[in-house]
Participant: 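Before I ask anything, here is the structure I am working with.
Numbers restart at 1 for each chain; the letters A, B, ... are given by sequence-line order, proteins then strands. Please read all numbers here as calculations on a predicted model, not as lab measurements.
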There are 2 protein chains.
Amino acid sequence: MESAEQLQQPARSRRVTAAMVAARAGVSTATVSLVANGKTAGRVSEDNISRVRAAITELGYVVDGIGSSLAKGVSSIVILVAPDISNPFFAKVIAGVRESLGADYQLLLSVTDAGEFPQADDVRKLMALRPAGLLVDAPNAGFLEELSAAGPLVLLDAPGLEAYAPSVNLDVAHGARQLAAHLAEAGHRRVAYLDSVTGTATFDVRRRAFLAEADTRGISVPADGIISTTIDVGAAAAAFAAAWPEWQRSGVTAVVCGTDTHAYGVLQEARVAGLQIPGQLAIAGFDDLPYSATSNPSLTSVHLPATSLGVQAGGQLRRLMEGRPLEQPQLTLESSLVVRNSTRPTPWK
Amino acid sequence: MESAEQLQQPARSRRVTAAMVAARAGVSTATVSLVANGKTAGRVSEDNISRVRAAITELGYVVDGIGSSLAKGVSSIVILVAPDISNPFFAKVIAGVRESLGADYQLLLSVTDAGEFPQADDVRKLMALRPAGLLVDAPNAGFLEELSAAGPLVLLDAPGLEAYAPSVNLDVAHGARQLAAHLAEAGHRRVAYLDSVTGTATFDVRRRAFLAEADTRGISVPADGIISTTIDVGAAAAAFAAAWPEWQRSGVTAVVCGTDTHAYGVLQEARVAGLQIPGQLAIAGFDDLPYSATSNPSLTSVHLPATSLGVQAGGQLRRLMEGRPLEQPQLTLESSLVVRNSTRPTPWK
DNA sequence: CTGAAAGCGCTTACAG
DNA sequence: CTGAAAGCGCTTACAG
């Protein structure tokens, strides 16, 4: 049978099929399938099990994912849809997802450029891969409407969208309020806000929670005090440079940024402008990226548990894919303010 | 036929198949396939083309990726294998790959934890997805041996491994030499090197090129002057803290890091130790991440064109997958030193 | 416990 | 230009 195999597989694609394993082990492909998938309990004799296992090893057989998926109606692919992976925050989320998903599922990353979300058409193409499950990070409602997903779906960082699917959220509002309180205590009365342009819910929550608390504490925002850019150091720097003269005139003494990445841009530009930080201008962000501890000055930021976000979301999805119930469909992870030199009222060395 | 469809698809999975489209358009599934794949030239009448197109639109038909892949023998998935995505450098590479790959291919990210490379077993599982092509970033030779890849393959950042496959490389050696020259001119005579632990070729090239040029220029390295950690700010910080006392005794005045991420850790720890930078210790890295411009002090780094790396690699792979020849199987992109305050000999404000 | 057979959805020679 | 049919590799009732 070896020679027959070689005759049929002339040049390259020496793909080992279940039929070859079956022939070698002297069983049917049905038995090979059962063994390869570990569904032998009470269905395959010990004898055949070891015979098939031996053949699998000798031939180096691996179940073909495509054939398997077609027969089963679903693949082992998990698709992670995200608006922006250039944010280092996201790398941690991915690592967390992979960790909890394990080796049984392949993680497929779907990213679009410049923080845009995929359109209906893209979604259809993704669904054509028959994913075992879907993870959607920081979605907007419109996207979820299009995605009338059949199949397991878990949302990440999607505050206010709990109605669409099980989700894992971050209580960014808590950190945002802490930040407002902190700035108020430091004596700030006039602040500006540099938002992320993606328009995803989490950024709205951050901004609103901050502004609401700020208002309560006697901090106001000038008319043109809220602007937004993509999550990009350069874009943020440029936007700040353009806005600063007017902000300064309005008496702004602190800028809060939707992400640390935005804050780095502001930091950069503020230093170029010769501003004393936080003396003349205090700066803070969200995410608490690793670089925030080493920036100049170190950056005050609302810490968000990225890895944990990925782990929890992956875990929930896994349960869903395995048909297990979710004890708790809605999870919320804590956030909290990390105060560093960029807002610290006391003189820093 | 609407009702028949509904009868056959009772509850959820309302998957629209080619057969449904065929029935609606009054043609065979073969014709539907031809139209859906744009292979109509001289094979389908205008009449049937428009009839099928209409049916496709009305039904919202999307070619099933699994069925299609099985019939064709290959999927539309491109797998990107990489040892570490937590490095922000990598996010740019991914963006570049996506840009040049276009919408016809799905990018599947294969990442392993802690900078480890996938084993033979993982590779087999990946190949079971029948990828249209493979992109391997910063591989080591052992991995490529296992990966006796049939099918299109392009390597990224794999110096010295050009024999295995077409590749896109960065001339990191050039930047490394510039860095050595720069430090020599600044008066350094004794340096240490904090390497990345992944042991991929690019890091060897960086280190060797730097050390060779440094040697030429009269810079020496103490016996225990070369250490390595994972690409992680915290790990680098800890390693530096442990090594510094001995280094200091050996007269080390500069630390070169395999990546900027390592350098951030050193920066952090050096500041905690109260060291004057670059007065008492100069620090430099590789990658030129966006944060290097805003760190304290700003970080001297060898700039590497990440996005371009991804774009070029994606482009080469695309050509391969489409059966087109590669005019130039080996591409090399430039690197160059960006001097900032962490090594700048003149007093900085 | 075992295998023959149908079927997953599509593509591609092939015959007309 | 068109369609019937085989086949991609696997899984799963089903009959034994």
Participant: Quick one: what's the B/S/- string for nucleotides 10-16 of chain C, heavy-atom cutoff under 4.0 Å, read 5' to 3'?
Facilitator: BBB----
Participant: Within this structure, what is the CZ-to-C1' distance between A:R15 and D:dG9, rounded to whole angstrom?
Facilitator: 9 Å
Participant: At under 4.0 Å, does any side-chain N or O of A:N48 touch on OP1 or OP2 of C:dC1?
Facilitator: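 It does not, given that no N or O in the side chain of A:N48 lies less than 4.0 Å from OP1 or OP2 of C:dC1.
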Participant: Name all pairs fulfilling the salt bridge (Lys or Arg N to Asp or Glu O under 4.0 Å) condition that reach into residues 308-317 of chain B, sequence neighbours left out, sorted by first residue then second.
Facilitator: none
Participant: Between D:dG9 atom P and A:M20 atom CE, what is the distance in whole Å?
Facilitator: 8 Å
Participant: If you check the A:L70 side chain, which of C:dC8, C:dT2, D:dG3 turns out closest?
Facilitator: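 My answer, after comparing the listed nucleotides, is C:dC8.
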Participant: Can you sort out the partners of A:A306 under side chain to side chain contact (heavy atoms under 4.5 Å, CB included), two or more places apart, ordered by chain and number?
Facilitator: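 Expected list: A:F89, A:K92, A:V93.
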Participant: Let me check I have this right: for DNA chain D, each base becomes ., (, ), [, ] or |, based on Watson-Crick or G-U pairs with both distances under 3.5 Å. What is the full string?
Facilitator: |||.||||||||.|||
Participant: Strictly by side chain to side chain donor-acceptor pair (under 3.5 Å), give each pair with a member in residues 310-320 of chain B just once, sequence neighbours left out.
Facilitator: B:D104-B:R318, B:Q316-B:R319, B:R318-B:E322
Participant: What is the distance from CD of A:E46 to P of C:dC1, rounded to the nearest Å?
Facilitator: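 Going from CD in A:E46 over to P in C:dC1 covers 9 Å.
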Participant: Are side-chain heavy atoms of A:V97 and A:L135 found at a separation under 4.5 Å?
Facilitator: yes
Participant: Got a sec, which residues hit side chain to side chain contact (heavy atoms under 4.5 Å, CB included) with A:A55, two or more places apart in sequence or on another chain?
Facilitator: A:V21, A:R24, A:A25
Participant: Taking distance alone, no hydrogens or angles, what donor-acceptor pairs closer than 3.5 Å link side-chain atoms of residues 32-39 of chain B to residues at least two apart or in another chain?
Facilitator:
{"unit_1": "B:S33", "atom_1": "OG", "unit_2": "B:N37", "atom_2": "ND2", "d": "3.4"}
{"unit_1": "B:N37", "atom_1": "ND2", "unit_2": "B:S33", "atom_2": "O", "d": "2.8"}

Participant: Could you pull out all residues at least two apart from B:R130 that satisfy side-chain hydrogen bond (donor to acceptor under 3.5 Å, both in side chains)?
Facilitator: A:D64
Participant: Go through the structure and list residues passing side-chain hydrogen bond (donor to acceptor under 3.5 Å, both in side chains) with A:T31, not counting sequence neighbours.
Facilitator: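 Partners of A:T31 under the side-chain hydrogen bond (donor to acceptor under 3.5 Å, both in side chains) test: A:S28.
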